Amino acid sequence: MGKRFYITTAIDYVNGAPHLGHAYEKVLADVIARARRSMGEDVFFLTGLDEHGQKVQQAAQAEGKDSQTYCDGLALQWQELTRVLGLSNDDFVRTTQARHREVVQAVLSRLHAEGHFYKEAYDGWYSVKEETFLTDKDRNPDGTWDARWGNVVQLQEANWYFRMGRHQQWLLEYIEANPAFVQPESRRNEILGFLRSEKLGDLCISRPRARLGWGIPLPFDPDYVSYVWFDALLNYYSVPAAAGDPAAQIPPATDSKTTGSALAAWPADVHLLGKDIVKFHAVYWPIMLHALGAPLPKTILAHGWWQKDGQKMSKTTGNVVDPFSVITEWGLDAFRYYVVRELAIGPDGNWTDDSFKSRYNAELANGLGNLLNRSVNMLNKYRDGVVPAASRELAADAEAAARETADKLAGNDLQDALVAIWSLVNRANLYVEQTKPFSLAKDPAQAARLDEVLYNLVESCRVLAVLLWPFIPGTSEKIFAQLNLPGTPGDWRLATWGGLQPGHKVGAPIPLFPRKDLVKK
Ligand code: MSP
């Protein structure tokens with residue numbers, strides 16, 4: 001078996017409640033994973049949790065729990081999120097798992113043995129909140145520390161450093177030569193700008209165990225644990241490595257043979273993550289892999305951040321969108337549809353309840369839902385639910401929409417893929433207005449014309465189910481069920497016109513998206 005298409009999300013900090021931002025990223029990754037699967041690729045989709053660090057240790061202590069018990073409790077909530085979002089992830093990594101810890105330690109040992117680390121005493125500033133060392137460059141112009149650093153203290157301590165700076169020129173040339181490595185273009189330019197204008201320092205990769213016990217011990221100096229980012233980034237590699245991936249062995253296997261059951265995923269095809277952590281992924285991570293002699297991921301794909309009503313989401317002010325409650329009220333697919341349709345991967349977005357409701361009513365209820373409902377309804381009413389002879393009046397529209405959707409999906413342009421799909425929804429709804437099947441039904445002389453119209457409508461719905469599967473799989477499966485079709489709509493080859501066979505009997509119409517503005521509260 002060949003290498004699988006490997007997509008990851010950032011691993012979320014375990015000590016926070018899942019919100020819209022986390023859910024958004026997971027849905028995007030799921031759409032990409034499902035689209036690839038539908039198109040016949042073998043996919044490995046990984047998501048998970050980042051569990052080490054000072055904040056977790058402190059929060060656990062505050063609750064009087066040991067850190068592992070504390071993480072285990074929260075992990076249940078995060079795993080529930082993957083279920084509620086309908087994610088098709090193949091694995092769920094937690095950085096406290098032995099499979100991860102062992103690979104991190106093996107990587108640390110190897111880099112240490114090859115002279116990539118050194119120990120040095122430090123005397124300077126430290127942000128407790130961000131668990132990071134600061135230099136005078138991080139100060140505000142007036143010499144004060146920005147509020148985002150929280151309490152900044154003076155610290156004297158010896159630590160281990162990774163010789164990251166020496167790879168700056170290599171990384172700059174690599175990113176210049178590989179335009180697809182950091183996407184979108186605006187983020188790529190930011191990273192290039194940074195690498196061209198600033199000197200990349202070495203990276204502190206340890207914290208003394210006496211100060212921070214909740215981390216992975218350095219195998220060559222057990223008085224220290226690994227800095228959280230060094231640990232966290234390696235999750236993408238440790239999962240395939242632990243599953244025997246020949247491209248992720250430490251040291252890399254010289255005679256790489258894929259054994260029967262080993263996972264063949266590395267290097268990742270897409271690391272999906274938010275704009276705030278691009279530097280870790282596009283600078284630290286490739287340098288770590290380069291030092292290790294491991295192949296680099298193909299693409300770091302950065303999405304923007306959501307605000308709510310034009311403001312930063314914040315638990316303290318209550319200004320948050322809770323994906324669990326939106327999904328309970330409106331259904332999973334309404335949530336999945338809105339976040340992908342509203343915001344392209346790249347820019348920042350703004351959630352407003354009004355815009356959510358208006359897309360729900362116009363595009364889902366009146367657009368897609370109404371199209372399916374009236375198509376299936378009329379076929380039942382006028383032809384006892386039996387599909388008439390095939391007709392190709394909307395075939396070119398459906399095929400153009402399928403081609404356009406596939407093109408957009410190939411470029412991870414998920415928003416425009418939905419626009420392409422809705423061109424067919426709108427075309428088919430317009431076709432109803434133009435052909436007026438309810439009038440044709442009154443005139444027996446128009447029976448053949450009515451057959452044509454009905455075929456084009458239900459066949460458009462069938463094609464739409466296939467195109468929609470990566471985005472709103474539950475709805476797509478409901479469409480297949482109402483058309484009484486066997487199997488899954490998750491196979492792109494079914495998006496060609498003419499799949500519905502004359503004589504096939506469809507099921508009963510059931511509304512896909514009940515109109516909420518008509519429901520009395
Ligand atoms: N644990 C690190 C990532 C390590 S990856 C090796 C982390 N965790 S996080 O929980 O803070 O964020 C997880 C992801 O959610 C990040 O990609 C982040 O950008 C994303 N988002 C967090 N808030 C967001 C919004 N308001 N909007 C969109 N995405 C946001 O960083």
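Just so you know, ligand 1 is whichever comes first in the structure, and atom 1 is the first atom listed for that ligand. Small disclaimer: the values here were computed from a predicted structure and weren't measured.
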Quiz item: Any N/O of Y13 closer than 3.5 Å to an N/O of ligand 1?
Solution: yes

Quiz prompt | Heteroatom proximity flag, K275 to ligand 1, N/O under 3.5 Å | solution = no

Quiz item: So is Q307 close enough to ligand 1, meaning a heavy atom under 4.0 angstrom away?
Solution: no

Practice problem: Determine whether the aromatic ring centres of Y237 and W266 lie less than 6.0 Å apart. | Solution: yes

Quiz item: Do N235 and T95 have a side chain donor and acceptor closer than 3.5 Å?
Solution: no

Quiz item: Cut-off 3.5 Å, side chains only: do D353 and W351 have a donor facing an acceptor?
Solution: yes

Quiz item: In terms of side-chain heavy atoms, does T475 have a donor or acceptor partner in D333 at a distance below 3.5 Å?
Solution: yes

Self-check item: Geometric N/O contact G274 with ligand 1, under 3.5 angstrom
Solution: yes

Quiz prompt | 4.0 Å heavy-atom contact, G304 with ligand 1 | solution = yes

Quiz item: Just which atoms of ligand 1 are under 4.0 Å from any heavy atom in H22?
Solution: 10 (O), 13 (C), 15 (O)

Quiz item: Can you find an N or O of E25 that's nearer than 3.5 Å to an N or O of ligand 1?
Solution: yes

Quiz item: Less than 3.5 Å between some nitrogen or oxygen of W229 and one of ligand 1, yes or no?
Solution: no

Practice problem: For the residue pair Q68 and W214, confirm or rule out a side-chain donor-acceptor distance under 3.5 Å. | Solution: no

Quiz item: Side-chain contact, heavy-atom cut-off 4.5 Å: W422 with R341?
Solution: no

Quiz item: Looking at side-chain heavy atoms only, is the closest gap between R139 and W125 below 4.5 Å?
Solution: yes

Exercise. Among all protein heavy atoms, pick out the one at the shortest distance from atom 23 (N) of ligand 1; state its residue, atom name and that distance to 0.1 Å.
Key: H19 CE1, 3.3 Å

Quiz item: Ring centroid separation for Y360 and W330, is it under 6.0 angstrom?
Solution: yes

Quiz item: Can D30 and R336 be counted as an ion pair, charged N to O under 4.0 angstrom?
Solution: yes

Exercise. Would you mind running through ligand 1 and noting each atom that sits below 4.0 Å from a heavy atom of Y236?
Key: 5 (S), 6 (C)

Quiz prompt | Atoms in ligand 1 flagged as close to D276, the criterion being non-hydrogen separation under 4.0 Å | solution = 18 (C), 19 (O)

Quiz item: Would one find an N or O of Y24, backbone or side chain, under 3.5 Å from an N or O of ligand 1?
Solution: no

Quiz item: With only distance considered, is I11 within less than 3.5 Å of ligand 1 through an N or O on each side?
Solution: yes

Quiz item: Under 4.0 Å from any heavy atom of L273, which atoms of ligand 1 are there?
Solution: 17 (O)

Quiz item: Are D12 and W78 close enough that a side-chain donor and a side-chain acceptor fall under 3.5 Å?
Solution: no

Exercise. Determine whether the side chains of E363 and Y337 contain a donor N or O and an acceptor N or O closer than 3.5 Å.
Key: yes

Exercise. Please confirm whether F220 and F117 have ring centers closer than 6.0 angstrom.
Key: yes

Quiz item: With the threshold set at 4.0 Å, does a side-chain nitrogen-carboxylate oxygen contact exist between E190 and K275?
Solution: no

Quiz item: Does any N/O atom on W306 come nearer than 3.5 Å to any N/O atom on ligand 1?
Solution: yes

Exercise. Could you check atom 22 (C) of ligand 1 against the protein and tell me its nearest heavy-atom contact, residue, atom and distance included?
Key: W305 CZ2, 3.6 Å

Practice problem: Decide whether the shortest distance between a heavy atom of H303 and an atom of ligand 1 is less than 4.0 Å. | Solution: yes

Quiz item: Is it true that W285 lies under 4.0 Å from ligand 1, counting heavy atoms only?
Solution: no

Exercise. Give the atoms of ligand 1, by number and element, whose distance to some non-hydrogen atom of H281 is under 4.0 Å.
Key: 5 (S), 6 (C)

Quiz item: Can you list the atoms of ligand 1 that are under 4.0 Å from a heavy atom of D50?
Solution: 1 (N), 2 (C), 4 (C)

Quiz prompt | Per-atom contacts, ligand 1 versus D12 - under 4.0 Å to a heavy atom | solution = 8 (N), 10 (O), 13 (C), 14 (C)

Quiz prompt | Element-labelled atoms of ligand 1 that are located less than 4.0 Å from some non-hydrogen atom of M313 | solution = 26 (N)

